[in-house]
Visitor: 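The structure that follows is given in the form of C-alpha cells.
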Amino acid sequence: EVQLVESGGGLVQAGGSLRLSCAASGFRLDDYAIGWFRQAPGKEREGVSYIGGTDGVTYYADSVKGRFTISSDNAKNTVYLQMNSLKPEDTAVYYCAADLPRGILWMHAKLYDYWGQGTQVTVSS
C-alpha cells in the first residue's frame with residue numbers, strides 16, 4: 001500500500017525556518033517523483049516544489065525560489081522541504097504527493113495519484 005506521511009509543520013514567526021518531511025512507504029523513491037503542494041484557505045492548491053526520483057531534477061515555484069530547498073534521502077525513503085525566510089503568505093496546509101516523474105508538468109496537482117494527509121504551516125507577522 002502506498003502511503004505518504006508529512007510532518008514538521010508548525011507555527012513560526014516571519015523570517016523563521018521549518019523543515020517538512022514526507023515519509024514514503026509502499027514504493028521506492030528512486031522510481032517516483034515527489035511534489036510538494038500547499039493550499040491556503042479559500043485558495044486553490046498550488047505547486048511549491050518537486051524532485052524527480054530517477055534523475056533528481058528539482059523545480060520550484062517562483063514564490064519560493066531562493067528560500068525553499070527540496071531534497072531526498074532515498075535510504076530513508078523520505079523527501080524534505082527546507083523552508084527558510086518564511087513569510088505570512090507561506091501560511092497553508094502543505095501536502096506531499098507522489099507519482100511517476102512529471103518533469104515540466106509537475107505543478108499540475110491532478111496528475112498525482114498519491115497524497116499525504118497534509119501538515120499545517122502558520123507564519124505569523
Side-chain angles (χ1 to χ4, degrees):
E1 178 188 3
V2 173
Q3 194 170 20
L4 299 169
V5 179
E6 302 97 335
S7 62
L11 173 64
V12 65
Q13 287 189 331
S17 298
L18 285 173
R19 189 178 79 158
L20 305 184
S21 299
C22 173
S25 59
F27 67 97
R28 289 165 49 95
L29 283 181
D30 306 61
D31 300 326
Y32 281 75
I34 297 292
W36 280 100
F37 293 80
R38 65 187 181 187
Q39 189 165 20
K43 295 189 177 181
E44 291 188 357
R45 192 168 296 190
E46 63 172 351
V48 175
S49 186
Y50 165 101
I51 187 165
T54 53
D55 54 13
V57 67
T58 59
Y59 294 102
Y60 297 93
D62 288 343
S63 59
V64 306
K65 278 181 183 177
R67 300 188 298 122
F68 291 11
T69 303
I70 192 170
S71 61
S72 177
D73 185 337
N74 287 356
K76 295 183 177 179
N77 230 36
T78 299
V79 170
Y80 303 97
L81 185 68
Q82 178 66 44
M83 306 187 297
N84 298 329
S85 303
L86 283 161
K87 304 175 181 180
E89 51 263 44
D90 294 318
T91 295
V93 177
Y94 284 69
Y95 301 88
C96 64
D99 206 349
L100 297 175
R102 294 295 177 185
I104 60 173
L105 299 179
W106 71 273
M107 296 186 78
H108 296 273
K110 292 183 179 180
L111 297 178
Y112 291 77
D113 285 339
Y114 307 107
W115 290 84
Q117 82 288 350
T119 185
Q120 176 71 46
V121 171
T122 303
V123 184
S124 63
S125 57

Visitor: In terms of hydrophobic clustering (I, L, V, M, F, W, Y; side-chain heavy atoms under 4.5 Å; direct or indirect links), are Ile34 and Tyr59 co-clustered?
Guide: no
Visitor: Would a single hydrophobic cluster contain both Val93 and Val64, if residues Ile, Leu, Val, Met, Phe, Trp and Tyr are joined by side-chain heavy-atom contacts under 4.5 Å?
Guide: no
Visitor: Would you please test Tyr60 and Thr69 for side chain to side chain contact (heavy atoms under 4.5 Å, CB included) and show each step?
Guide: CA-CA 8 Å; Tyr60 297 93; Thr69 303; 3.9 Å; yes
Visitor: Output the distance between atom SG (Cys22) and atom CG (Leu29), rounded to the nearest 0.5 Å.
Guide: 7.5 Å
Visitor: Hey, what do you get for CD (Gln120) to OG1 (Thr91), rounding to the nearest 0.5 Å?
Guide: 7.5 Å
Visitor: For the hydrophobic clusters of this structure (ILVMFWY residues joined by side-chain heavy atoms under 4.5 Å, transitively), does one cluster hold both Met107 and Ile51?
Guide: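 Per the 4.5 Å side-chain linkage, Met107 and Ile51 are not co-clustered.
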Visitor: I'd like to know if Tyr94 and Tyr80 are part of one continuous hydrophobic network [Ile/Leu/Val/Met/Phe/Trp/Tyr, side-chain heavy atoms within less than 4.5 Å].
Guide: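 Different clusters: Tyr80 never reaches Tyr94 through Ile, Leu, Val, Met, Phe, Trp or Tyr contacts under 4.5 Å.
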Visitor: Please say whether more than 12 non-hydrogen atoms of neighbouring residues, nucleotides or ligands are located less than 6.0 Å from CG in Leu105.
Guide: yes
Visitor: Between Ser72 (side chain) and Val79 (backbone), is there a donor-acceptor pair under 3.5 Å?
Guide: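 No.
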Visitor: Could you report the tightest heavy-atom contact between Asn84 and Ser17, atom names first, then the distance?
Guide: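 The answer is OD1-OG, 2.9 Å.
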Visitor: Below 4.5 Å, heavy atoms only, C-beta onward: do Glu89 and Val123 meet side chain to side chain?
Guide: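 The answer is no, as the side chains (C-beta and beyond) never meet within the 4.5 Å cut-off.
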Visitor: Answer yes or no: is there a donor N or O on one side and an acceptor on the other, between the side chain of Asp73 and the main chain of Thr78, under 3.5 Å?
Guide: no
Visitor: I need the minimum non-hydrogen distance between Trp115 and Tyr112, along with the two atoms involved.
Guide: NE1-O, 3.3 Å
Visitor: Do Phe68 and Val12 sit in the same hydrophobic cluster, where Ile, Leu, Val, Met, Phe, Trp and Tyr count as joined when their side-chain heavy atoms come under 4.5 Å apart?
Guide: yes
Visitor: Kindly confirm or rule out a cation-pi arrangement of Arg45 over Phe37, judged by NZ or CZ under 6.0 Å from the six-membered ring centre and within 45° of its axis?
Guide: no
Visitor: So, taking the atom named CD in Glu46 and the one named CD in Gln39, what distance separates them when rounded to the nearest 0.5 Å?
Guide: 9.5 Å
Visitor: Just how far is it from atom CG of Leu20 to atom CH2 of Trp36, taken to the nearest 0.5 Å?
Guide: 4.5 Å
Visitor: Is there a side chain to side chain contact (heavy atoms under 4.5 Å, CB included) between Arg38 and Ser63 once you walk through the steps?
Guide: CA-CA 12 Å; Arg38 65 187 181 187; Ser63 59; 3.5 Å; yes
Visitor: Over all heavy atoms of both residues, which pair between Gly47 and Ala61 is shortest? Give the atoms and the distance, please.
Guide: O-CB, 3.4 Å
Visitor: Of all the heavy-atom pairs spanning Ala33 and Pro101, show the shortest one and how long it is.
Guide: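 Closest approach of Ala33 to Pro101, heavy atoms only: CB-CA, 3.7 Å.
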Visitor: Could you state the interatomic distance from CG (Leu100) to OH (Tyr32), rounded to the nearest 0.5 Å?
Guide: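 Leu100 atom CG to Tyr32 atom OH measures 5.5 Å (nearest 0.5 Å).
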Visitor: If you define the side chain from C-beta out and look only at heavy atoms, does anything of Val57 sit under 4.5 Å from Tyr50?
Guide: yes
Visitor: How long is the span from the CG atom in Asn74 to the CG atom in Asp30, to the nearest 0.5 Å?
Guide: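 One gets 4.5 Å once the value is rounded to the nearest 0.5 Å.
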Visitor: Could you go through the side chain to side chain contact (heavy atoms under 4.5 Å, CB included) check for Gln13 and Leu86 one step at a time?
Guide: CA-CA 8 Å; Gln13 287 189 331; Leu86 283 161; over 6 Å; no
Visitor: Tell me, with the steps shown, if Tyr95 and Leu4 meet side chain to side chain contact (heavy atoms under 4.5 Å, CB included).
Guide: CA-CA 9 Å; Tyr95 301 88; Leu4 299 169; over 6 Å; no
Visitor: Check whether any side-chain N or O of Glu6 sits under 3.5 Å from a backbone N or O of Cys96 as a donor-acceptor pair, and report yes or no.
Guide: yes
Visitor: When you measure from the side chain of Gln117 to the backbone N and O of Val5, does any donor-acceptor pair fall under 3.5 Å?
Guide: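 Not a single qualifying donor-acceptor pair exists.
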Visitor: Indicate yes or no: at least one non-hydrogen side-chain atom of Tyr114 is less than 4.5 angstrom from one of Phe27.
Guide: no
Visitor: Between Asp90 and Lys87, is the closest basic N to carboxylate O distance under 4.0 Å?
Guide: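 A salt bridge is absent here (no side-chain N lies under 4.0 Å from a carboxylate O).
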